[in-house]
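First comes the structure, then the notes that go with it.
Because the structure is predicted, anything quoted here is derived from the model rather than measured. Every chain is numbered from 1, with letters handed out A, B, ... down the list of sequences.
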2 protein chains.
Amino acid sequence: MATRTDAPTRREQILKEAARLFAERGFHGVGVDEIGAAVGISGPGLYRHFAGKDAMLAELLVGISGQLLTGAKQRLKEADGVAAGAVLDSLIEGHIDFALDDRPLITLHDRELDRLRDSDRKLVRQLQRQYVELWVAALREVYPVLAEPAARSAVHSVFGLLNSTPHLGRVGSLPGRGTTATLLHRMARGAFAAAAGAE
Amino acid sequence: MATRTDAPTRREQILKEAARLFAERGFHGVGVDEIGAAVGISGPGLYRHFAGKDAMLAELLVGISGQLLTGAKQRLKEADGVAAGAVLDSLIEGHIDFALDDRPLITLHDRELDRLRDSDRKLVRQLQRQYVELWVAALREVYPVLAEPAARSAVHSVFGLLNSTPHLGRVGSLPGRGTTATLLHRMARGAFAAAAGAE
DNA sequence: CAGGGAGGTTAGCGGTCGTTAACCTGAAGG
DNA sequence: CCTTCAGGTTAACGACCGCTAACCTCCCTG
C-alpha cells in the first residue's frame, strides 16, 4: 500500500474536522456553520461536497468500521501459518495504532452510532460484528478453553480497554506513544489470559 | 445503610428516565417533552422540579461521580488492615456493581461531561480525579513497581474495560450477571498484573 | 473566446427546542 | 369554608439549526 503524499482533498479536510468536532461536542452539538468554518468555508458550502450533515457522520462511521475490518483481514492474511499468539498480537497492535492515531474517530465509533439512518447503522453494525468475530476466532485459537460467549464478552471488554485512549489525557501528558502502546498491549494480553485462566 | 423501600419521588423518576434517554440518544438528542412524557407529564411540567434541562444533566453527573467516590471511600474504610490485594479487589467489585446496575449512568459518565456548565464540570472532574487517585494508590500498594504515570494510565484503561458493559449486548444475552461480573473482575486483575509485569 | 461546471457566497424558510407566562385543580390546614 | 400552594396544563415566544434558492466567480476546455 503506497503511502499518500498528495494534499488532502476538500472532502477529506471536511471529514477530518467534522470528526474532531463531533467527538468534542457530539453530533447534535455541532452546527454545519462550525464545520464549514473549520475548513475555511461557510456552512452551506458543505453541501457541494456532502448531501447533508447526516451523510458526513455516515461516511465517517462506515469508514472507521471498514478500515478496522480491512486492516484486520490484511493482518490475518499476512500472518498465515504463524503462531496463534502472534496473530492475536497483530490484531491488538493494529487496534492500538488506530486508537492512538485517530482518537476522535475512536470516540465517534461507539458514541454516535445511533444517530445514523437505519440502513447505514445496519451496515456499520455488520462491519463491527465481522471485526469482532475475527477477534473471537483468533482469541479462541489461543485459548480454546474459552467458550464463545465468554470470548465475545472478553473481546468487547478489551475493546473498551484499548479505546480508553481518549481518556488518557492530552497527548502531551502521555509518557510517549511507544510506551503507551506497549502498556496497552500488555494489559490487553493480560486481560485475555485472565479471562481464560479460571474458566 | 438502610435499603430504601418508600416509593421514588417524582424528581427521582425524572432523573432516572432522563438518564436512560440521555444515554440512548445523547443530551442534545432528547427533548424536554420526551423526558416529561416518560414520567407521564408534559414538557414544561419538568420546570416545577428542575431549573432546566442542563440542571438535570448536572445533577446526574455530579451524583454519579459522588456516588462512585463515596462508595470507594467507604470500602477503603471497611478494608482497614486487610491485604492490599483485597483492597484492590473491593474497589473493582464496587465499580463492577455500579457498571452492571446503572448502565445508562455509566454511559453518561464519560460521554456528556462536556455539556456541563463550567462550574459543574470542574466539580465532576474533581470528584473523578479523587476517585482515580484512590485507585492509583491502591494499585501501587499491590504493585510498587508501577510508576505513578503508568499506574494512572492503567487505571483509566481498566475503567474502559469495566465500563464496556453497555456494549455487552442487551441484558438477556448476557451469560448471567454473576458470571459476567466474575469475568470482568478476572480481566481487570489480569490487566493490572500485566501492566506491572514487565515494567 | 464563448461557455459551462466546480465551488463558493448570502438570504431566508421551516421546523424544532428550551423556556416562560398564564391559568387550572385538588388537597391540606387554620 | 376559604386560602394556599404544590404540581400540573396549554399557548406562545425567541433562538437556533439544517437546508435550499439564487447568485457569483473563477478556471478549464472545445
Side-chain angles (χ1 to χ4, degrees), chain A residues 6-62 104 108 111-121, chain B residues 6-62 104 108 111-121:
Chain A
D6 41 323
T9 70
R10 173 92 337 158
R11 268 183 72 89
E12 290 167 336
Q13 286 181 47
I14 295 172
L15 283 176
K16 184 182 164 194
E17 293 303 310
R20 184 180 55 82
L21 289 167
F22 289 160
E24 279 174 11
R25 299 210 287 284
F27 179 67
H28 291 293
V30 181
V32 289
D33 289 354
E34 296 179 75
I35 303 175
V39 297
I41 69 180
S42 265
L46 297 172
Y47 288 76
R48 299 285 166 196
H49 303 276
F50 294 92
K53 198 182 159 194
D54 298 1
M56 300 181 208
L57 182 64
E59 189 157 328
L60 281 172
L61 292 185
V62 172
L108 282 188
R111 188 171 295 198
E112 306 286 358
L113 182 57
D114 306 328
R115 263 53 107 196
L116 253 48
R117 279 174 35 226
D118 265 29
S119 61
D120 289 323
R121 189 172 55 248
Chain B
D6 42 323
T9 71
R10 176 62 24 125
R11 267 183 73 89
E12 290 167 336
Q13 286 180 46
I14 295 171
L15 282 177
K16 185 182 163 194
E17 294 302 309
R20 185 179 54 82
L21 289 168
F22 288 160
E24 281 174 9
R25 298 210 287 283
F27 179 67
H28 291 292
V30 181
V32 289
D33 289 355
E34 297 178 76
I35 303 175
V39 296
I41 70 180
S42 263
L46 296 172
Y47 287 75
R48 299 285 166 196
H49 304 276
F50 294 92
K53 198 183 161 194
D54 298 1
M56 300 181 208
L57 182 64
E59 189 157 329
L60 281 172
L61 291 185
V62 172
L108 282 188
R111 188 170 297 197
E112 307 286 357
L113 181 59
D114 305 327
R115 264 51 109 198
L116 254 49
R117 279 174 37 226
D118 265 28
S119 62
D120 290 322
R121 188 171 56 247

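What separates CG of B/L46 from P of C/dC17 is a distance of 14 Å, to the nearest Å. The interatomic distance linking B/D54 (CG) with C/dC17 (C1') rounds to 12 Å, in whole Å. Atom P of nucleotide C/dG12 and atom CG of A/D33 are separated by 16 Å, given to the nearest angstrom. Atom NZ in B/K53 sits about 19 Å away from atom P in D/dA15, given to the nearest Å.
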**Item:** Stepwise side-chain contact (heavy atoms from CB on, under 4.5 Å) test for A/F50 and A/R11
**Value:** CA-CA 8 Å; A/F50 294 92; A/R11 268 183 72 89; 3.6 Å; yes
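Closest to the side chain of A/I41, out of C/dG18, C/dT9, D/dT20, is C/dT9. Listed candidates were D/dG18, C/dG18, D/dT10. Nearest to the side chain of B/Y47 is C/dG18.
Between D/dA6 and B/R10, no contact under 4.0 Å exists linking OP1 or OP2 to a side-chain N or O. Side-chain N/O atoms of B/H49 include one lying less than 4.0 angstrom from OP1 or OP2 on D/dG8.
Along DNA chain D, the nucleotide nearest to A/R48 and the one nearest to A/G31 differ in position, and the one closer to the 5' end is contacted by A/G31.
Here the closest non-hydrogen pair linking A/L21 and A/I35 is CD1-CA, 3.9 Å.
Residue contacts shown for A/G52 are limited to sugar-phosphate atoms, with no base heavy atom under 4.0 Å away.
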